[in-house]
Amino acid sequence: QVQLMESGGGSVRPGGSLTLSCKTSGWTLNHYVMAWFRQPPGKDREGVTAIDSDGRTRYADSVKGRFTISRDEGKNSLYLRMNSLKPEDTGVYYCAVDSRWWFLPSYESRAYDFGYWGQGTHVNVSS
């Protein structure tokens, strides 16, 4: 059974930083895509960034230059380093994984296609 669990969320002032982690278990895939999505209060889920099994990445325009996605296959973990946080980054952050690695270029429009999801971790950016 595939399981994903996010951690690292919290409250931070604008300009601050956070690192989210997503620990995965129960799956071994040679090819995959892993992604971070977020759901701002009162809004729909949106793609933040994604990475495939070859290390290729995609970022939403709103986070380019501020967020960095990475993975540690030995630890079965996905990370999201968030710098220069803004109030509009507030929301519930979810990690997701799917074997359909070709999702990478279009991951932002596939929020409801990914097969496995974590429960989410809250990020609040406010002064």
Does the separation of the ring centres of F103 and F114 fall below 6.0 angstrom? yes
Backbone of R100 reached by a side-chain donor or acceptor of D98 within 3.5 Å: yes
Work out which heavy atom in N83 is nearest to a heavy atom in S17; give both atom names and the distance. OD1-OG, 2.9 Å
Shortest non-hydrogen pair, S77 vs K23, comes out as OG-CD, 3.5 Å
For the residue pair R13 and S127, confirm or rule out a side-chain donor-acceptor distance under 3.5 Å. no
V125 backbone acceptor or donor facing T90 side chain under 3.5 Å: yes
Plane angle bin for Y107 and F37 - parallel if under 30°, tilted between 30 and 60°, otherwise perpendicular: perpendicular
Would you compute the distance between atom CZ of R71 and atom SG of C22 and round it to the nearest 0.5 angstrom? 13.5 Å
Please examine the side chains of R58 and P105, heavy atoms only from C-beta on, and report whether any two atoms are closer than 4.5 Å. yes
Heavy-atom closest contact (A60 atom, G47 atom, distance): CB-O, 3.6 Å
Could D89 and R66 be called an ion pair, given the rule that one side-chain N must be under 4.0 Å from one carboxylate O? yes
To check you understand the geometry: which heavy-atom pair defines the closest contact between C95 and L4, and what is its length? SG-CD2, 3.5 Å
Side chain to side chain, T121 and L20, heavy atoms closer than 4.5 Å: yes
Drop me the distance from T49's OG1 to M34's CE, to the nearest 0.5 angstrom. 11.5 Å
Electrostatic pair R110-E108, nearest N-O below 4.0 angstrom: no
Test of ring centre spacing under 6.0 Å for W36 and F67: no
Salt bridge (charged side-chain N to carboxylate O under 4.0 Å, His left out) filter on R45, not counting sequence neighbours, yields none
Anything under 30° is parallel, anything over 60° is perpendicular, the rest tilted; go ahead and classify W117 against Y94. perpendicular
Do the side chain of Q3 and the main chain of S25 share a donor and acceptor less than 3.5 angstrom apart? no
